Amino acid sequence: MDTANLTILYTSDVHGNALPILYGTNEPANRGLAKYATIVKKAKENNRNLLVLDNGDLIQGTPLMTHYVKQHRTKENPMIGIMNRIGIEASVIGNHEFNFGKEILRNAVSQSNFPWLSANTRRQANDEPYFGQPYYIKELDNGIRLAVIGVTTHYIPNWESPDHIEGISFQDAFTSLQYWVNQIRKTEKPDLLIVSYHGGIERDIETGEATEALTGENQGYQMCQEIDGIDVLLTGHQHRTLTGMINNVLVIQPGFNGQSYGEINIEFNKNQDKWHIQKKCANVHDLSGIPVDSEIMGYMRNLEDSTQQWLDQPIGYIEGDMTIQSPLQTRVSKHPFIEFIQRVQMAITDVDISVTSLLNNKSTGFGSEVTMRDVVSNYMYPNTLVVLELTGADILAALEKTASYFIINESGDIDVNPTFSQPKPQHYNYDMWEGIEYTIKVQNSIGSRIEYVRKDGEPIDLDRTYEVVLNNYRANGGGNYHMFKNKPIIKEVQQDTVELIRWYFENHPTVHATTTANFQVKK
């Protein structure tokens, strides 16, 4: 009996991590495509039956990529240049691919020596695939036929700036995949059907219990349970590390930021002139102890040097203390760094109510001298600003939503609701407001925690409208803030917040660290 083996290597949610470095501190780190390239090259030397894929969220996420877009966008996209040199065979469109706008994404796709897959991302005008092809076929030397279908979470319109996705229809990922699996099984007759889904697992693999609100953002469990014909489901988007089986479908998710990669091994045997899957297994490997690839390091040298020079530029100074010692405490009581971000947002838009977040738990705030490295380390997303017209009722609903961030833990202390940290950290979905006064009482039930909301000393009028500045992600309803969706837009600021912070320091070279205690979180 003939036998054969296939190895699949894949990355997901690399987020611009080309090099093994933490840009906030310049410390070395076990991450990045320069290390992963070493893995792939060795695998290609030892294994003829190899498939190398990426699962999306590739081109955004580090200061390197922010600097590329701002200063070097006419050159080859470095993440594409690296993947071309690694020799991946296909990638999937992720939600963060759209963050820098259509031009950057179109250029990235056109520079790629590999196809970008997304069966459910279509042109609104004619329903054709927006990125060229929904699936990829590969036939091995021994005749084994592989099919890879790419699908993208269709939740993107809830997050992305409308002009970045104009003319694109994001069809339901589950429904689209169901169609394409049936179609490919009939027409292509693959021996192995792989789904590469830039989306995640919405239920516990073992118990089937929901692990998040079933919004449709992540549909991996449903795909495995209800679509016949899937052999392997590659997932991402949630930044989790997992492997397992759902309804005899092998599932895997390989982490994020280029810290690890997925390896899938398939054993086949041949019976009556047809290949059959005998065994399939998956593992996630980190990059500890893996040397960098010299070709990739050489390719990146000039852009990396330029990025480091940009990051080290001093742009302003702080009088007082704007450093962050405790992320939780920064969210419980007003912090000077949060007030500074609010001040920037209100200054550029000339409104007096502002909403912002502490974007992750690694933010350190600002020291006495502020460089671009400090700015991009604290504000790592290319968000723009939107001024919405909201009613007082909308504001109250948003405050109740943000108040669900807290719980009272077993020790009787205020703590973080686990739904904001598991299965994926979402601390950026807790908002703090400026220009109003409010109180959150955590021991009250979710939905009834806002005890006090005033504007200029008067109770907020639920029927009156107010102009509020917030980032584009939140303005589009991101984080399930549905009360913001489709509200009148008063103003849009197209520069991202990193540039706005630089602008503010140009006009205010020295900023005083101050706080206005306009909100309170109490037991």
Side-chain angles (χ1 to χ4, degrees), residues 15 21-27 29 61-64 66-67 257 307-308 310-348 354-383 385 402 405-406 414-416 420-421 425-435 440 469-471 473-474 495-521:
H15 284 294
I21 189 172
L22 298 173
Y23 282 101
T25 60
N26 262 358
E27 295 174 353
T62 55
L64 173 82
T66 300
H67 181 58
N257 284 350
T307 300
Q308 291 293 342
W310 175 67
L311 288 172
D312 286 334
Q313 294 176 14
I315 61 170
Y317 300 90
I318 304 296
E319 282 194 2
D321 186 2
M322 207 177 278
T323 59
I324 294 172
Q325 306 299 326
S326 165
L328 178 60
Q329 192 58 40
T330 300
R331 296 182 177 102
V332 167
S333 59
K334 188 67 166 294
H335 190 280
F337 176 76
I338 298 300
E339 184 159 306
F340 169 74
I341 298 297
Q342 306 278 32
R343 203 184 308 172
V344 172
Q345 294 187 170
M346 292 190 292
I348 196 68
S354 176
V355 182
T356 195
S357 306
L358 181 64
L359 296 180
N360 69 35
N361 285 351
K362 295 183 180 179
S363 294
T364 57
F366 292 155
S368 58
E369 179 182 86
V370 181
T371 65
M372 286 303 296
R373 188 184 308 279
D374 299 317
V375 175
V376 297
S377 296
N378 285 279
Y379 214 102
M380 64 292 302
Y381 300 116
N383 291 331
L385 297 181
T402 205
Y405 180 78
F406 300 107
I414 294 173
D415 209 340
V416 178
F420 284 80
S421 56
Q426 300 182 61
H427 301 288
Y428 50 80
N429 282 330
Y430 169 71
D431 287 337
M432 289 161 280
W433 289 65
E434 189 80 21
I440 297 172
V469 57
L470 59 174
N471 68 49
Y473 169 81
R474 187 70 80 240
Q495 299 101 318
D496 68 41
T497 306
V498 168
E499 283 302 301
L500 298 181
I501 294 171
R502 177 199 278 272
W503 166 85
Y504 192 88
F505 275 116
E506 286 175 353
N507 289 275
H508 306 86
T510 299
V511 172
H512 296 272
T514 62
T515 55
T516 303
N518 67 299
F519 71 86
Q520 180 184 11
V521 179

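By convention here, the first residue in the shown sequence is residue 1. Predicted model, so just to flag it, every value in this text is computed and none were measured.
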With sequence neighbours left out, write down each residue that passes salt bridge (charged side-chain N to carboxylate O under 4.0 Å, His left out) with Asp374, or none if nothing qualifies.
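With neighbours one apart ignored, the set is empty.
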Set out, in order, the CA-CA distance, both residues' side-chain angles and the distance that settles side chain to side chain contact (heavy atoms under 4.5 Å, CB included) for Ile318 and Phe505, then state yes or no.
CA-CA 10 Å; Ile318 304 296; Phe505 275 116; 4.0 Å; yes
Taking the inter-plane angle between the rings of Trp310 and His67 on a 0 to 90° scale, is it parallel (under 30°), tilted (30 to 60°) or perpendicular (over 60°)?
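Rings of Trp310 and His67: parallel, as their planes differ by under 30°.
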Tell me whether the rings of Tyr504 and His508 are parallel (<30°), tilted (30 to 60°) or perpendicular (>60°).
parallel
By side-chain hydrogen bond (donor to acceptor under 3.5 Å, both in side chains) - contacts of Arg373 (at least two apart):
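Testing Arg373 for side-chain hydrogen bond (donor to acceptor under 3.5 Å, both in side chains), a comparison that skips the adjacent residues, returns Asn26, Gln308, Asp312.
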Quick one: side-chain hydrogen bond (donor to acceptor under 3.5 Å, both in side chains) partners of Gln325, sequence neighbours excluded?
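For Gln325, the residues satisfying side-chain hydrogen bond (donor to acceptor under 3.5 Å, both in side chains) (neighbours in sequence not counted) are Thr323.
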Kindly indicate whether the side chain of [X], heavy atoms from C-beta on, has any atom under 4.5 Å from the side chain of [Y].
X	Y	result
Arg502	Gln313	yes
Ser377	Thr364	no
Ile501	Ile341	yes
Gln345	Glu434	no
Tyr428	Asn360	no

Of all the heavy-atom pairs spanning [X] and [Y], show the shortest one and how long it is.
X	Y	result
Asn518	Gly435	ND2-N, 4.3 Å
Pro63	Val376	CG-CG2, 3.5 Å
Thr516	Lys334	O-NZ, 3.0 Å
Ala513	Asp321	CB-O, 3.6 Å

For the [atom1] atom of [X] and the [atom2] atom of [Y], what is their distance to the nearest 0.5 Å?
X	Y	atom1	atom2	answer
Leu385	Arg474	CG	CZ	13.0 Å
Asn471	Asp496	CG	CG	11.5 Å
Arg331	Tyr405	CZ	OH	3.5 Å
Thr514	Arg343	OG1	CZ	4.0 Å
Thr356	Met346	OG1	CE	10.5 Å
Met322	Thr515	CE	OG1	10.0 Å

Can you check side chain to side chain donor-acceptor pair (under 3.5 Å) on Ser354 and Gln342, steps first, answer last?
CA-CA 6 Å; Ser354 176; Gln342 306 278 32; 2.6 Å; yes
Would Thr307 and Tyr23 satisfy side chain to side chain contact (heavy atoms under 4.5 Å, CB included), going step by step from the backbone distance to the final call?
CA-CA 10 Å; Thr307 300; Tyr23 282 101; 4.2 Å; yes
Taking Thr402 for its side chain and Asp431 for its backbone only, find out whether a donor-acceptor pair lies under 3.5 Å.
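Yes, Thr402 side chain to Asp431 backbone: donor-acceptor pair under 3.5 Å.
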Do side-chain atoms of Tyr379 reach the backbone of Thr497 as a donor and acceptor pair under 3.5 angstrom?
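Checked: no pair found.
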Derivation of the side chain to side chain contact (heavy atoms under 4.5 Å, CB included) call for Asn378 and Phe337
CA-CA 10 Å; Asn378 285 279; Phe337 176 76; 3.7 Å; yes
Criterion side chain to side chain contact (heavy atoms under 4.5 Å, CB included) on Leu328 and Phe406, from CA distance to verdict
CA-CA 10 Å; Leu328 178 60; Phe406 300 107; 4.1 Å; yes
